[in-house]
Amino acid sequence: MSQALGILETRGLTALVTGTDAMLKSANVTLAGPMKQVGNALVTVVVQGDVAAVKAATDAGAQAARTVGEVVSVQVIARPHDDIATVLPRFPAAKK
């Protein structure tokens, strides 16, 4: 996995949707998988892209999410090991 990962975790879906929207609009990043519900109202989303774009996106996403809810955690992993892909949520395969 050569691209950086950015993780945004919030308490509540509204803050996560707002933060994800801001992340995708603010920088050249893509979703690494669908939103993941952790439990106790905690939800997480992962984006990927180059390091600068992921950092800008997570900063914008956290700021936007704070306007409507609680941000629990924001993390940027600059050069993740290739095996990290095995634990990331994946989009379901499209049906033909």
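Computed from a predicted structure; not experimentally measured.
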Least distance between heavy atoms, L8 atom then V74 atom: CD1-CG2, 3.7 Å
Nearest heavy atoms of G12 and V43, plus distance in Å: O-CG2, 3.4 Å
Over all atoms of both residues, closest heavy-atom pair of Q48 and A32: OE1-CB, 4.1 Å
Enclosure of N28 CG (heavy-atom neighbours >12, cutoff 6.0 Å): no
Separation of L88 CG from D83 CG (nearest 0.5 Å): 11.0 Å
L31 vs T20, side chain to side chain contact (heavy atoms under 4.5 Å, CB included): CA-CA, chis, key distance, verdict: CA-CA 9 Å; L31 285 174; T20 302; 3.9 Å; yes
Single-linkage hydrophobic cluster, 4.5 Å side-chain cutoff, V47 and V51 together: no
Side-chain donor/acceptor of R11 to backbone N/O of N40, under 3.5 Å: yes
Distance (rounded to the nearest 0.5 Å) between L13 CG and L42 CG: 12.5 Å
Shortest non-hydrogen contact between V68 and A15, atoms and distance: CG2-CA, 3.6 Å
Point-to-point distance, once rounded to the nearest 0.5 Å, from CD of Q63 to CE of M23: 13.5 Å
Spatial distance of atom OG1 (T86) from atom NE2 (H81) [nearest 0.5 Å]: 10.0 Å
Minimum-distance pair of heavy atoms, taken over all atoms of A64 and A22: CB-CB, 3.6 Å
Exercise: identify the closest heavy-atom pair between V71 and A65: CG2-CB, 3.6 Å
Interatomic spacing from CE in M35 to OG1 in T44 - rounded to 0.5 Å: 9.0 Å
4.5 Å side-chain heavy-atom contact, L5 and I84: yes
